[in-house]
Number of protein chains: 2
Amino acid sequence: MVNEKTELRKKVAILKGLAHPVRLSIVEALADSEMCVCDIVEMFDFDRTTISKHLSLMKEIGILSDKKDGLKVYYSLRIRCLPSMLSCIEKVIEGNDPETVFIMECCGK
Amino acid sequence: MVNEKTELRKKVAILKGLAHPVRLSIVEALADSEMCVCDIVEMFDFDRTTISKHLSLMKEIGILSDKKDGLKVYYSLRIRCLPSMLSCIEKVIEGNDPETVFIMECCGK
DNA sequence: AATCTATGTGGTAATATTACCACATAGATG
DNA sequence: CATCTATGTGGTAATATTACCACATAGATT
């Protein structure tokens, strides 16, 4: 049995880990395949070290895992259900007419 | 077609809205049924106005909707798939042995 | 071994988030 | 209508997050 408080803290940590435009974009990019830091850095206009810190953070939280190969480090999703989880939110957003920001139904199950 | 940047911002906003222990607890409590502010406040040791601000924030983001009835205000989930979305994260956490903080598989699909 | 390449870390200034207090208000009740 | 009850808002101090710079390191290349 998992401690309630601890479980809540872990869930919040994961959500916080996803709640940043750079980090969420990385997670989405990793949905299909792993990428090296060099390629991930290319995606953004931010400093290389900024991206590196976002990756370290997500690794520490448990969202990503890394794998070294020569000079390069490859990151991949450690929580595989994330893309489908996020697609729930996407459907909510995409389903909107421009006026209403969010609708009430999604996932259609 | 939804603007990519805007969509990302909205997704991040929702995730941020969930990424706080008080707010996530509220969302979980609202999974089953709506609640008035007075009852939600009872759940926590924080100041009443702190809870009120968390509710306002989630309403603004679109996570919650409210409904007035006399003096009381009832909040409910506006994004209904949230509980099942969060259960994905829960399974990841619960599936752990105490040593490993996160596992790689979840949702069992 | 000197150098280069890919990546990571410590420090820090700028910015955002959070929690509480003081105060405001709408609707019920005496 | 005076008051009470449930709720919300503005302001602010404490804290957390973020992005960059300077620097460090491991492994490849010359």
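All chains are named by letter (A, B, ...) in the order of the sequence lines, taking the proteins before the strands, and each is independently numbered beginning at 1.
In this model, the phosphate group of C:dC20 is approached by a side-chain N or O of B:Thr50 to a distance below 4.0 Å at OP1 or OP2.
A straight line from CG of B:Asp45 to C1' of C:dC20 spans 14 Å, rounded to a whole angstrom. As a whole-Å value, the separation of B:Lys67 NZ from C:dA26 P is 21 Å. What separates CZ of B:Phe46 from P of C:dT18 is a distance of 11 Å, to the nearest Å.
Note on A:Tyr74 and A:Leu57: separate hydrophobic clusters, where clusters join Ile, Leu, Val, Met, Phe, Trp and Tyr whose side-chain heavy atoms are under 4.5 Å apart, directly or indirectly.
The residue from A:Arg78, A:Lys59, A:Lys72 that alone fulfils the salt bridge (Lys or Arg N to Asp or Glu O under 4.0 Å) condition with A:Asp66 is A:Lys59.
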Original post:
Where along nucleotides 4-13 of chain D does protein come under 4.0 Å, by heavy atom, of base (B) or sugar-phosphate alone (S), with - for untouched nucleotides?
Top reply: -BSBBBBB--
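Not one N or O on the side chain of A:Ser52 forms a donor-acceptor pair closer than 3.5 Å with the backbone of A:Thr49.
For A:Leu57 and A:Lys68, each mapped to the nucleotide of DNA chain D holding its nearest heavy atom, the one lying further toward the 5' end belongs to A:Leu57.
Interatomic distance, B:Lys10 NZ to B:Lys5 NZ, rounded to the nearest 0.5 Å: 15.0 Å. With rounding to the nearest 0.5 angstrom, the CD atom of B:Glu4 is 9.5 Å from the OG1 atom of B:Thr6. Atom CG in B:Leu86 sits 9.0 Å away from atom SG in B:Cys88 (nearest 0.5 Å). With rounding to the nearest 0.5 Å, the separation of CG in A:Leu15 from CD1 in B:Ile89 is 4.0 Å.
In this structure, the nucleotide among C:dC21, C:dA26, D:dG27 sitting nearest to the side chain of B:Asp47 is C:dC21.
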Anything under 3.5 Å between a donor and an acceptor, one on a side chain of residues 19-32 of chain A, the other on a protein residue two or more places apart or in another chain? List them.
from    : atom 1 : to      : atom 2 : distance (Å)
A:His20 : ND1    : A:Val22 : N      : 3.0
A:Arg23 : NE     : A:Gly17 : O      : 2.8
A:Arg23 : NH1    : A:His54 : ND1    : 3.1
A:Arg23 : NH2    : A:Lys16 : O      : 3.0
A:Ser25 : OG     : A:Pro21 : O      : 2.7
A:Glu28 : OE2    : B:Lys11 : NZ     : 2.6

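Under the disulfide (SG to SG under 2.5 Å) criterion, the residue pairs touching residues 14-61 of chain A are A:Cys36-A:Cys38, with sequence neighbours excluded.
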Show each protein N/O and nucleotides 14-17 of chain D N/O combination with a separation under 3.5 Å, one pair to a line.
from   : atom 1 : to      : atom 2 : distance (Å)
D:dT17 : OP1    : A:Lys16 : NZ     : 3.4

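Closest approach of B:Ile63 and B:Ile14 over heavy atoms only: CD1-O, 3.7 Å.
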Subject >> Dot-bracket line, read 5' to 3' along DNA chain C, where crossing pairs take [ ] and | marks a partner on another strand, Watson-Crick or G-U under 3.5 Å >> reply: ||||||||||||||||||||||||||||||
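Qualifying salt bridge (charged side-chain N to carboxylate O under 4.0 Å, His left out) partners for B:Lys67, counting only residues two or more places apart in sequence or in other chains: B:Glu34.
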